[in-house]
Amino acid sequence: MAKVLTSKEENYAQWYNDLVLKSGLAENSAVRGCMVIKPYGYAIWEKMKDELDRMFKETGHENAYFPLFIPKSFFSREAQHVEGFAKECAVVTHYRLKTDEENGGLMVDPDAKLEEELIVRPTSETIIWNTYKNWVQSYRDLPILINQWANVVRWEMRTRLFLRTTEFLWQEGHTAHATSKEAEEETIQMANIYAEFSEKFLGIPVVLGNKTESEKFAGAVETLTIEQLMQDGKALQGGTSHFLGQNFAKAFDVQFTNKEGKLDHVWATSWGMTTRMIGALIMAHSDNNGLVLPPMVAPIQVVIVPIYRGNDQFPAIAEVANRIKDQLKALGISVKFDDRDTQKPGWKFAEYELKGVPVRLALGPRDIENENVELARRDTLEKKVLPQEGIAEYIKSLLDEMQENIYKKALDFRSENTHRVDTWDELLDVLENKGGFALAHWDGTIESENKIKDTKATIRCIPLDGEEEDGRCIVSGKPSRKRVIIAKAY
RNA sequence: CGGGGUAUGGCGCAGCCCGGUAGCGCGCGUCGUUCGGGACGACGAGGUCGUGGGUUCAAAUCCCGCUACCCCGACCA
C-alpha cells in the first residue's frame, strides 16, 4: 500500500498531523491558530455532542446560550480568574471600519472606539454569574442547572489541530446551588459523566482525580479531572469539573434567602469538555494505516465496496449491497454503499481504513455466486468471508465486540505503561526512558511539586480511588498516604 | 518574547553557491485499457518564483528592507 502517513515510530507528532489532514478531519485555516473542521471531523464532534447532551439532559440539565462578548470589567471581579486568563484574551476595541483614503483598503475607524473593551469569551463564568444574579432571590430558585454549547477563544502561544487551537468548540456547564454539599455532589456527578463518556463511548480509559492547588482552574476551590494516556506515553486532560465554592457568587453578588430566612451566597460548579477529545480519540487508538474509531463514535459504521468489471456485473452486486444496507439500517447501524465508479476498490479500501470506518464489506462476482461477503474489521485488520445470510445480526454484535476490544486494548496499554516509582531516580527513569504514568508518593507541598515540574512532567491528578498506604514523598522523603500520577502532558 | 528554518502551478519539492528558455513527483482534465489492497498508457491544462526596492544588457538565482508561515522553549483544554 502506498504510504500516505508518517509512521508513529518515525515521528509521532508528524503522524498525528498527517492523520488529521489525510483523513479529512480538519485543516489549518487562513487565520493563525484557527482550524477548519471538515465534514468528517465535524460528524465525529456531532456524535460526541449528541451523546454528552443526552447524558446532561438525563441528569436534569438544560441548554441555554450566553453572549460571545464579555465586558472587560467582569473579568477583574474574581482575582484568581483574571490572573488565569488575562494573558490569553482576544479583545474587541472598536466597532466600525472605514475606507482608508490615503493607503486604500479598510482601516479601523478611530472614532468608533468602545467605551469599554469587550473580551471574546475564553470561558463564560463571569457573564453567566452576572446573569444569574438576576435569576436568584430564594432557595426556591435553585438549583440552576445549565449547559451551553459554544465556541471560545484562548490566545495560546502555540497551537496544534484539535489539541490546542485559538478558537475551539466545547460545552460548559454552569450550575448554582443552595448548599455546598449539593454543589460538591454536582461536581463529582459531572466528572463521573465525563469518565463514563470517555470509557464507554470513546473507548479511552481515564483516571479520575483531583488537580493539585497549582493546577486547578483559575477561580475554583477544587478541580476534578479525567486524565487519559496517549500512545506516545503522554497524558491528556480530557475534561474537567470544578467546584467553585462561593467565589463567583461573592464576586458577582449572587445571594439568596435560604429556608431559615437568612441571606447566603450561592454555591457553584462549572464543567467542560472540548473538541480536544477528537485529538484524544486519534492518539488513543489509531495506527499507521489511519484512524481507528470505536463504533459508537464512527459517523459511518459499515461501508460496502462493490468489486466488478464491466457494467453488466454491477446490477447483481448493487442488489445484494442494497439489501444488506437496508438490513443494517433496520438495526440502527449507519452504513454507506460506496458505488462510485470513479475510484477503484483498492483505493476505497485504503481510504476507509484511513477514515477509521469500523467494518468494511466487499462484494464481488465471486461473493455473489457463492452468496458470501468479505468482511474486514478495522481494529484488528482481520478479513474473513462470511455467508450473506444473517450478516446484519453478525455485524451488530461485532460492533459491540469491537467497541469493547478497542477499550480493552487502550486499557492494557495503560496498565503496561503505569509504573509505581518509589525514588526520584525511578521517576526520572520513567519520564526519560519509558513514558506513561508514574505513580508516586508526594508530600502535598508546592515546593516538591515545583521540583517535579523541573523535569517537564507535572502531577496530573490525585486519583480518587487511590489506595491508602504508607509511603514517602519521592522529592522530600516526608510521609505520604497516597500516590499521585506524574506524567508529561499535552 | 528568545533560538532556528522556510516562502517556486492545487499539494510536496528541485533549481539559487556559479545570473541567461522555470523543472520533477503527486493531484487535475480527456480518451483507451483496467477494477478481489491506493492501476497503466497517450495527450492536455495549470506558475508575473511571498513582497518592496537595488545591482546588471539580463535576477527564482546576487544585495538591502518588509511580511507571512513552520519548528524548538516559556503559557495552556
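Scope of the values below: all heavy atoms of this structure, side chains included, with no hydrogens, waters or symmetry mates. In this text, all values refer to a predicted model and were calculated from it rather than measured experimentally.
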Participant: From the set B/G37, B/G38, B/C35, return the single nucleotide nearest to any side-chain atom of A/W347.
Facilitator: B/G38
Participant: Heavy atoms from C-beta onward define the side chain here; which of B/A77, B/G38, B/G36 lies closest to that of A/A350?
Facilitator: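 Ranking B/A77, B/G38, B/G36 by closest atom to the A/A350 side chain puts B/G38 first.
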Participant: Taking A/Q171 for its side chain and A/T274 for its backbone only, find out whether a donor-acceptor pair lies under 3.5 Å.
Facilitator: no
Participant: Which one, B/A74, B/G38, B/G37, comes nearest to the side chain of A/K456?
Facilitator: B/A74
Participant: Is the shortest side-chain N/O distance from A/K87 to OP1 or OP2 of B/C75 below 4.0 Å?
Facilitator: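 No, no such contact exists.
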Participant: Measure the distance from CZ on A/R340 to C1' on B/C35 and round it to the nearest whole Å.
Facilitator: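 A/R340 atom CZ is separated from B/C35 atom C1' by 14 Å.
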Participant: Once you round it to whole Å, what is the distance between P of B/G37 and NZ of A/K384?
Facilitator: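 A/K384 atom NZ is separated from B/G37 atom P by 20 Å.
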Participant: To the nearest Å, give me how far apart CG (A/N28) and P (B/U6) are.
Facilitator: 20 Å
Participant: When the ring planes of A/Y308 and A/F314 are compared, do they come out parallel, tilted or perpendicular, using 30° and 60° as the limits?
Facilitator: tilted
Participant: Rounding to an integer number of Å, can you tell me how far A/K22 NZ sits from B/G38 P?
Facilitator: 18 Å
Participant: Tell me: CZ of A/R160 to C1' of B/C69, nearest whole Å?
Facilitator: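 Atom CZ in A/R160 sits about 17 Å away from atom C1' in B/C69.
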Participant: Record whether the side chain of A/Q343 comes under 3.5 Å of the base of B/G38 through a donor-acceptor pair of N or O atoms.
Facilitator: no
Participant: Is it the case that B/G37 (base atoms only) and A/R360 (side chain only) share a donor and an acceptor within less than 3.5 Å, ignoring hydrogens and angles?
Facilitator: yes
Participant: Partner of B/C43 by Watson-Crick or G-U wobble geometry, both contacts under 3.5 Å, or none?
Facilitator: B/G29
Participant: Between B/G37, B/A77, B/G36, spot the one nearest the side chain of A/D367, thanks.
Facilitator: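 Selected nucleotide (nearest to the side chain): B/G36.
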Participant: How close or far is atom P of B/A77 from atom CZ of A/R121, stated in whole angstroms?
Facilitator: 18 Å
Participant: Between B/G36, B/G38, B/G37, which nucleotide gets closest to the side-chain atoms of A/E351?
Facilitator: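 The answer is B/G38, which lies nearest to the side chain.
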Participant: Under 4.0 Å between a side-chain N or O of A/R309 and OP1 or OP2 of B/C35?
Facilitator: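 Answer yes for this pair, as a side-chain N or O of A/R309 is under 4.0 Å from OP1 or OP2.
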Participant: May I have the distance from A/K348 (atom NZ) to B/G38 (atom C1'), rounded to whole angstrom?
Facilitator: 13 Å
Participant: Is A/E51 salt-bridged to A/R54, cutoff N-O under 4.0 Å?
Facilitator: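 Salt bridge flag = yes for A/R54 with A/E51.
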Participant: Expressed as a whole number of angstroms, how long is the span from A/K453:NZ to B/G73:C1'?
Facilitator: 17 Å
Participant: Tell me whether the side-chain N or O atoms of A/K383 pair up with the base of B/G37 as donor and acceptor below 3.5 Å, since no angle test is needed here.
Facilitator: yes
Participant: NZ of A/K234: more than 12 outside heavy atoms within 6.0 angstrom?
Facilitator: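 Yes, the 6.0 Å shell around NZ holds more than 12 heavy atoms from other groups.
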Participant: Any base atoms under 4.0 Å from A/Y490, or only sugar-phosphate, or nothing? Heavy atoms, all strands.
Facilitator: nothing
Participant: When you measure from the centre of the six-membered ring of A/F349, is the NZ or CZ of A/R360 closer than 6.0 Å and no more than 45° off the axis?
Facilitator: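 Yes.
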Participant: Can you figure out which of B/C75, B/A39, B/A77 approaches the side chain of A/E88 most closely?
Facilitator: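 Nearest to the side-chain atoms of A/E88, counting from C-beta on, is B/C75.
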Participant: Could you please spell out the steps behind the salt bridge (Lys or Arg N to Asp or Glu O under 4.0 Å) verdict for A/K57 and A/D53?
Facilitator: CA-CA 6 Å; A/K57 285 172 179 161; A/D53 203 64; 2.6 Å; yes
